[in-house]
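Comments concern the structure below.
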There are 2 protein chains.
Amino acid sequence: MFSKSCQYAIRAVAYLAEHKGTDKNAGVKEIAEALQVPQQFLAKILQTLSRHNLISSVKGPGGGFYLDETNVNAPLLEIVEVIDGKNTLNACILGKPTCSSEHPCLLHQHFHGCREGLRSALSTCTIGSLMDGKSC
Amino acid sequence: MFSKSCQYAIRAVAYLAEHKGTDKNAGVKEIAEALQVPQQFLAKILQTLSRHNLISSVKGPGGGFYLDETNVNAPLLEIVEVIDGKNTLNACILGKPTCSSEHPCLLHQHFHGCREGLRSALSTCTIGSLMDGKSC
DNA sequence: GCAAAAAAAGGTATTTTTATCCTTTATTTT
DNA sequence: AAAATAAAGGATAAAAATACCTTTTTTTGC
């Protein structure tokens with residue numbers, strides 16, 4: 001469903017949300033250790049998120065990543081779209097290019113609801129809403 | 001969600017089901033062209049399915065793949081398990097090793113229902129039930 | 001028996017994804 | 001100003017997934 005990059009991205013953002021309010025920023029090293037994921041790989045992902053203004057960063061001593069007041073308003077869906085592409089939640093589960101409600105694949109109806117449920121959760125749930133250990 | 005191998009596998013089996021009753025067997029070439037997927041890659045997948053007794057095959061002229069009376073009773077879930085592994089429908093959507101109902105990841109509850117819906121469809125729907133162009 | 005057909009099997013090649021390394025740039029502290 | 005810190009960026013490496021090619025085995029029809 002989601003690539004590892006995307007999984008790491010969502011989890012990293014959740015980490016930032018949970019630690020928002022702390023005065024100090026979270027460095028790649030800290031996040032990677034907390035999530036138990038490869039540090040340099042995560043660094044790339046955080047760069048991408050930062051470039052797309054989904055998270056914020058400061059360089060230098062005491063620097064790291066954090067969420068500003070704009071970041072918290074973005075829905076989680078944007079993370080997915082930035083990392084895995086906008087089509088992730090539209091793709092046919094059997095990879096048929098022609099799959100749609102009009103020309104459903106044999107699993108279409110079973111998967112469609114699932115996908116839309118996820119999409120709506122990811123659209124509704126903002127990055128900020130993950131603060132204080134809340135779920136989506 | 002499913003690897004391409006698995007997507008091709010399910011679609012190929014569906015093709016066999018739809019063409020069951022025809023007196024002639026379906027060759028790799030025929031199936032690959034019908035599904036618009038790489039022939040040699042599909043050949044490997046069909047081999048695997050055959051080795052696991054999910055489909056049947058005969059070599060030589062007039063040979064090819066078909067479904068026998070045992071094959072038709074297997075649920076589609078077995079295809080998924082053979083190709084992508086038994087854990088496919090249990091894995092956490094965010095890749096957290098510890099994710100469970102007791103320790104849910106932040107998308108757990110939204111994804112859980114989806115996964116179980118799919119699992120139940122794939123368990124209920126046998127290969128044979130795809131004959132006559134039926135869906136799951 | 002022989003030639004052709006078609007799957008089985010094994011190996012190789014390509015592409016994509018995941019992961020690491022190393023240098024540069026920006027910032028902060030001393 | 002110098003040193004330390006941490007992200008940014010570029011290039012490379014390793015692994016996995018996908019795709020292709022060649023040979024072998026089996027079967028069929030002549």
Side-chain angles (χ1 to χ4, degrees), chain A residues 1-13 15-16 23-33 35-68 71 80 82-85 87-88 91 94-95, chain B residues 1-9 11-12 15-16 23-33 35-68 71 80 82-85 87-88 91 94-95:
Chain A
M1 171 77 72
F2 297 150
S3 68
K4 280 201 181 181
S5 294
C6 189
Q7 296 176 342
Y8 294 171
I10 295 174
R11 291 169 60 197
V13 168
Y15 181 91
L16 291 179
D23 45 352
K24 81 183 233 312
N25 299 319
V28 185
K29 194 177 174 200
E30 172 189 340
I31 306 175
E33 279 171 3
L35 306 187
Q36 295 270 63
V37 304
Q39 177 175 335
Q40 310 274 25
F41 187 47
L42 181 63
K44 292 289 181 199
I45 296 165
L46 294 174
Q47 265 176 49
T48 303
L49 293 176
S50 176
R51 242 185 290 120
H52 284 84
N53 296 309
L54 291 174
I55 64 177
S56 306
S57 70
V58 284
K59 291 183 177 181
F65 295 91
Y66 66 99
L67 300 174
D68 71 15
N71 302 146
V80 175
V82 159
I83 302 293
D84 275 355
N87 234 41
T88 313
L94 294 184
Chain B
M1 170 78 70
F2 298 150
S3 68
K4 280 199 183 180
S5 295
C6 189
Q7 296 176 341
Y8 294 171
R11 291 169 61 196
Y15 181 91
L16 290 179
D23 45 352
K24 80 185 232 317
N25 299 318
V28 185
K29 196 178 174 199
E30 172 189 340
I31 306 175
E33 279 170 4
L35 306 187
Q36 294 271 63
V37 305
Q39 179 177 333
Q40 313 274 21
F41 187 46
L42 181 62
K44 290 286 185 199
I45 297 165
L46 293 175
Q47 266 176 49
T48 303
L49 293 176
S50 176
R51 241 183 293 119
H52 285 84
N53 297 310
L54 291 174
I55 64 178
S56 306
S57 70
V58 285
K59 290 184 179 181
F65 296 91
Y66 67 99
L67 301 174
D68 71 15
N71 301 147
V80 175
V82 160
I83 303 293
D84 275 354
N87 234 41
T88 314
L94 294 184

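Order of the sequence lines sets the chain letters (A, B, ...), proteins ahead of strands, with each chain counted from 1. On a predicted model such as this, the values are computed, not experimentally measured, just so you know.
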Remember a base hit wins even if backbone is also touched, and classify A:Lys29 as base, sugar-phosphate or nothing at under 4.0 Å, heavy atoms.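 Nothing, no heavy atom under 4.0 Å.
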Let me have the donor-acceptor pairs involving side chains of residues 38-48 of chain B, under 3.5 Å, with sequence neighbours excluded, atom names and distances please.
residue, atom, partner, partner atom, Å
B:Thr48, OG1, B:Lys44, O, 3.1

Separation of [X] atom [atom1] from [N] atom [atom2], in whole Å?
X       : N      : atom1 : atom2 : value
B:Lys44 : C:dA7  : NZ    : C1'   : 11 Å
A:Gln40 : C:dT23 : CD    : P     : 13 Å
B:Lys24 : C:dA7  : NZ    : P     : 11 Å
A:Gln47 : C:dT24 : CD    : P     : 16 Å
A:Lys59 : C:dT28 : NZ    : C1'   : 13 Å
B:Gln39 : C:dA9  : CD    : P     : 17 Å

C:dA19 phosphate, OP1 or OP2: any side-chain N/O from A:Tyr8 under 4.0 angstrom?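 Affirmative; the distance criterion is met.
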Nearest to the side chain of B:Ser57, heavy atoms from C-beta on, is which of C:dA26, C:dG10, C:dA8?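 Nearest nucleotide to the side chain: C:dA8.
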Of all the choices, C:dA19, C:dA5, C:dA7, which nucleotide is nearest to the side chain of B:Pro61 once you look at every atom?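 From the listed options, C:dA5 comes nearest.
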First and last nucleotide of DNA chain D touching chain B, 5' to 3', heavy-atom cut-off 4.0 Å?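 So the contact region on DNA chain D extends D:dT18 to D:dT28.
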